Protein chains: 2
Amino acid sequence: MEKQNALNALAALGQETRLDVFRLLVKAGQEGLPAGAISDALDVRPNTLSTHLGALSRSGLVHAERDGRSIHYRADLETMQALVTYLLQDCCGGNPDLCAPIASLAAASCGQGGSADC
Amino acid sequence: MEKQNALNALAALGQETRLDVFRLLVKAGQEGLPAGAISDALDVRPNTLSTHLGALSRSGLVHAERDGRSIHYRADLETMQALVTYLLQDCCGGNPDLCAPIASLAAASCGQGGSADC
DNA sequence: TCCATATTTCGAGTATTCTCGAATTATGGA
DNA sequence: TCCATAATTCGAGAATACTCGAAATATGGA
């Protein structure tokens, strides 16, 4: 991931409504949610939400797909993954010895679902 | 990590100068760097830098410590760790099956130093 | 075709952020 | 004490971001 992409993604997530939207979409899974459902769930006006969805979309964190009259948004976890990797590279590049605890914590946060293969 | 802390950290990193500062401090390691050295390295005026260092400091991503006439700033990797964990929790909570590739990529980014125990 | 629904785009108002020069505070040394 | 250095705080200007109501676009169904 390029620095500018990381910057866009971080700036996108550094705003409450957009972080809420992104987390909601992550929970919603692969199918995502139509804009209207997001608007209802978070109590944000449709036009304001549309602006935020545009920012998330430009940053690559979400993707839009029209489905009939509505437009489904879904979180792009690969971009999320790339962002985390970018942040960890920053960390581990200069301090490999400090990376282990971060990686193990990341793995631990995975285990919350109880899945052994995580 | 609380949502508001994550929000502050993300917003802090979502600005070019501050991301540059943070990365520079990560590379600088435990001792950190005095404000003047950061100012010189990144070609940012001292007062402007001070504002950004204040934002990073309030977000918990860096810490300041006076050393004689200068003030040393160092990156707080624990906050970084907590942020990554927070982001991964968002991810893994609803989709445990999607966490494994993210965790393994994180581990892979660790391995760049060649350290086997990472 | 005509209408209702879903979403976006437009334009404007307010708020926040970024940057800067000038002034201020804090420290160490002569 | 007096001065030089290091960094911060203050105040203001310009740019950017956020939110909203109103209008426009796109789709599906009667």
Side-chain angles (χ1 to χ4, degrees), chain A residues 3-25 28 31-76, chain B residues 3-25 28 31-76:
Chain A
K3 173 178 161 185
Q4 193 57 51
N5 297 86
L7 223 30
N8 289 341
L10 289 165
L13 292 176
Q15 203 276 338
E16 185 161 21
T17 303
R18 287 193 297 260
L19 184 58
D20 289 343
V21 168
F22 184 73
R23 295 177 75 182
L24 184 65
L25 288 177
E31 307 159 25
L33 288 172
I38 303 172
S39 175
D40 289 346
L42 301 180
D43 196 26
V44 180
R45 289 174 202 283
N47 56 352
T48 299
L49 177 65
S50 187
T51 301
H52 288 308
L53 285 171
L56 284 167
S57 204
R58 277 188 299 279
S59 78
L61 285 165
V62 310
H63 285 118
E65 191 175 3
R66 181 173 280 277
D67 176 23
R69 239 180 300 202
S70 58
I71 296 181
H72 278 252
Y73 284 88
R74 60 179 172 76
D76 182 334
Chain B
K3 173 178 162 186
Q4 193 57 49
N5 296 58
L7 222 32
N8 289 340
L10 289 165
L13 292 176
Q15 202 277 336
E16 186 163 21
T17 302
R18 287 193 297 260
L19 183 58
D20 289 343
V21 169
F22 183 73
R23 295 177 75 183
L24 184 64
L25 288 177
E31 307 160 23
L33 287 173
I38 304 172
S39 176
D40 289 345
L42 300 180
D43 196 26
V44 181
R45 291 174 200 282
N47 56 353
T48 300
L49 177 65
S50 187
T51 301
H52 288 309
L53 285 170
L56 284 167
S57 204
R58 278 189 297 280
S59 78
L61 285 165
V62 309
H63 285 118
E65 191 177 3
R66 181 173 280 277
D67 176 23
R69 240 180 298 205
S70 58
I71 297 180
H72 277 253
Y73 284 89
R74 61 180 172 73
D76 183 335

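In the text below, chain A, chain B and the rest are named by the order of the sequence lines, each starting its count at 1. The structure presented is a predicted model; accordingly, all values stated were derived computationally and were not measured.
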Rounded to whole angstrom units, what separation is found between the [atom1] atom of [X] and the [atom2] atom of [N]?
X	N	atom1	atom2	result
B:Arg45	C:dA22	CZ	P	11 Å
B:Gln15	D:dA15	CD	C1'	13 Å
A:Arg58	D:dA17	CZ	P	10 Å
B:Leu19	C:dT17	CG	C1'	17 Å
B:Glu65	D:dA7	CD	P	14 Å
B:Glu16	C:dT19	CD	P	9 Å

Can you pull every protein N or O that's under 3.5 Å from an N or O on nucleotides 6-13 of chain C?
unit_1: C:dT7; atom_1: OP1; unit_2: A:Ala35; atom_2: N; d: 3.0
unit_1: C:dT7; atom_1: OP1; unit_2: A:Gly36; atom_2: N; d: 3.4
unit_1: C:dT7; atom_1: OP1; unit_2: A:Ile71; atom_2: N; d: 3.4
unit_1: C:dT7; atom_1: OP2; unit_2: A:Gly36; atom_2: N; d: 2.6
unit_1: C:dT8; atom_1: OP1; unit_2: A:Tyr73; atom_2: OH; d: 2.2
unit_1: C:dT8; atom_1: OP2; unit_2: A:Ser50; atom_2: OG; d: 3.0
unit_1: C:dT8; atom_1: O5'; unit_2: A:Ser50; atom_2: OG; d: 3.1

- Message: At less than 4.0 Å, is any side-chain N or O atom of B:Arg18 found next to OP1 or OP2 of C:dC18? Yes or no.
- Response: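 Answer yes for this pair, as a side-chain N or O of B:Arg18 is under 4.0 Å from OP1 or OP2.
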
- Message: Using the side-chain hydrogen bond (donor to acceptor under 3.5 Å, both in side chains) criterion, which residues pair with A:Glu65? Sequence neighbours excluded.
- Response: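 With neighbours one apart ignored, the set is empty.
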
- Item | side-chain hydrogen bond (donor to acceptor under 3.5 Å, both in side chains) partners for A:Gln4, two or more places apart |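 Scan of A:Gln4 (side-chain hydrogen bond (donor to acceptor under 3.5 Å, both in side chains), adjacent residues dropped) gives A:Asn8.
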
- Task: State the CZ-CD1 distance between B:Phe22 and B:Ile38, to the nearest 0.5 angstrom.
- Result: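 It comes to 12.0 Å.
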
- Does any N or O in the side chain of B:Ser39 come within less than 3.5 Å of the main-chain N or O of B:Arg45, such that one atom is a donor and the other an acceptor?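 Side chain of B:Ser39 to backbone of B:Arg45, a donor-acceptor pair under 3.5 Å: no, none is there.
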
- Query: Can you check whether B:Gly68's main-chain N or O pairs, donor with acceptor, with B:Arg66's side chain at less than 3.5 Å?
  - Reply: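 Between the backbone of B:Gly68 and the side chain of B:Arg66 there is a qualifying donor-acceptor contact (under 3.5 Å).
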
- Indicate yes or no: at least one non-hydrogen side-chain atom of A:Leu61 is less than 4.5 angstrom from one of A:Leu25.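 No, their side chains stay 4.5 Å or more apart.
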
